[in-house]
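The next block holds one structure in the form of structure tokens; read it before the comments.
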Amino acid sequence: MGEQPIFSTRAHVFQIDPNTKKNWVPTSKHAVTVSYFYDSTRNVYRIISLDGSKAIINSTITPNMTFTKTSQKFGQWADSRANTVYGLGFSSEHHLSKFAEKFQEFKEAARLAKEKSQEKMELTSTPSQESAGGDLQSPLTPESINGTDDERTPDMTQNSEPRPEPTQNALPFSHSSAISKHWEAELATLKGNNAKLTAALLESTANVKQWKQQLAAYQEEAERLHKRVTELECVSSQANAVHTHKTELNQTIQELEETLKVKEEEIERLKQEIDNARELQEQRDSLTQKLQEVEIRNKDLEGQLSDLEQRLEKSQNEQEAFRNNLKTLLEILDGKIFELTELRDNLAKLLERS
């Protein structure tokens with residue numbers, strides 16, 4: 001296809017209500033892509049927008065179209081061929097201004113293309129008329145071939161001068177008569193040709209009128225065929241857009257399936273983490289209970305330890321008292337032993353003396 005997108009933007013699309021001619025009817029539920037297309041084979045600019053597989057805008061730009069900004073984010077134009085008015089709602093004033101600039105640019109390009117097309121048509125029809133008229137405006141005459149009467153007079157006077165010898169004078173007259181007959185035949189031929197050319201001129205004039213009628217019919221047929229081609233191209237572009245949209249949807253579905261698979265894996269992982277968390281919670285509760293039991297047991301042990309410490313201290317005190325008593329007892333025992341020793345010594349001495 002020779003038609004290619006040259007500028008695209010996104011906007012909400014509206015059409016005027018065909019009944020009231022006042023209210024706007026939205027043709028798209030959300031913002032869609034609105035594109036300028038250029039057909040290099042026919043020098044045609046079009047505005048096309050698709051909502052899924054449905055063409056909601058298919059407007060050919062003509063020189064008499066006007067894009068009007070009705071607000072900071074809304075613009076409209078009338079399409080006489082589609083017998084409707086289109087409206088576009090943009091997300092910002094910048095997008096609206098950019099679309100309006102492109103509309104004016106392509107409108108001027110469409111005007112120049114139309115003027116060039118008309119000049120080509122005029123040039124193709126003019127040479128045939130000029131060739132027929134040029135042949136008829138300058139028909140051949142004897143004067144144009146042989147010259148005027150004034151130009152031929154010197155020869156005639158020269159030929160009519162008397163000569164000394166009669167034989168030399170008779171030859172020029174006979175030769176002039178032959179030339180005259182020849183030119184008379186040529187004149188008759190030229191008159192016949194002139195009559196034929198006049199008839200051809202009249203016939204060509206009638207043919208020109210007929211050709212103009214045929215040209216108008218051909219133009220109407222060409223316009224109808226152009227519209228049909230435009231419709232077919234629109235259908236083809238819609239099919240391509242549907243195919244592209246389907247491919248994009250398939251890719252989106254594939255991406256969503258992959259994302260879903262990842263999410264499912266993440267959900268499984270989270271479930272395992274939740275189970276682990278539950279097990280950890282149960283372990284925590286069990287450990288907390290055990291810790292409480294240990295703390296209670298620890299308190300009991302602390303009480304027992306305190307009692308043991310008291311008992312130990314008491315025992316130590318008792319042992320200390322026992323040691324003191326034992327020491328005292330040992331001291332007494334030592335004194336008694338010393339006394340017994342002295343007594344044994346004294347008894348030994350007494351025994352020696354006796």
Next on the checklist: Let's go through Asp39 and Arg42 carefully: what are the C-alpha distance in whole Å and the side-chain angles of both, what is the deciding distance for salt bridge (charged side-chain N to carboxylate O under 4.0 Å, His left out) to 0.1 Å, and is it a yes or a no?
Outcome noted: CA-CA 6 Å; Asp39 188 350; Arg42 296 189 291 119; 3.1 Å; yes
Item to check | By salt bridge (charged side-chain N to carboxylate O under 4.0 Å, His left out) - contacts of Glu320 (at least two apart) | outcome: Arg323
Identify all side-chain donor-acceptor contacts of residues 284-302 below 3.5 Å with residues at least two apart in sequence or on another chain.
| from | atom 1 | to | atom 2 | distance (Å) |
| --- | --- | --- | --- | --- |
| Asp285 | OD1 | Gln281 | NE2 | 3.3 |
| Thr288 | OG1 | Arg284 | O | 2.5 |

Item to check | Minimum heavy-atom distance Ile61-Lys107, with the two atoms named | outcome: CG2-CA, 3.8 Å
Checklist entry - Quick one: are the ring centres of Phe106 and Tyr38 less than 6.0 Å apart? => result no
Checklist entry - Strictly under 6.0 Å, is that where the ring centroids of Tyr45 and Phe37 end up? => result no
Checklist entry - How many angstroms lie between atom NZ of Lys327 and atom CG of Asn324, to the nearest 0.5 angstrom? => result 7.5 Å
Item to check | Side-chain donor-acceptor pair present, Ser97, His94, cut-off under 3.5 Å | outcome: no
Checklist entry - Are side-chain heavy atoms of Leu96 and Gln72 found at a separation under 4.5 Å? => result no
Checklist entry - Trp24 vs Phe14 aromatic rings, parallel, tilted or perpendicular, using cut-offs 30° and 60°? => result perpendicular
Checklist entry - Between Asp79 and Thr84, does any side-chain donor sit less than 3.5 Å from a side-chain acceptor? => result no
Item to check | Closest approach of Thr33 to Ser49 (non-hydrogen atoms, all atoms of both residues) | outcome: O-OG, 3.0 Å
Next on the checklist: Quick check on the hydrophobic clustering: are Phe103 and Ile56 connected, directly or via other members, by side-chain heavy-atom contacts under 4.5 Å?
Outcome noted: yes
Checklist entry - What residues form a salt bridge (charged side-chain N to carboxylate O under 4.0 Å, His left out) with Glu101, not counting sequence neighbours? => result none
Checklist entry - For residues Arg46 and Thr60, is any side-chain donor paired with an opposing acceptor at under 3.5 Å? => result no
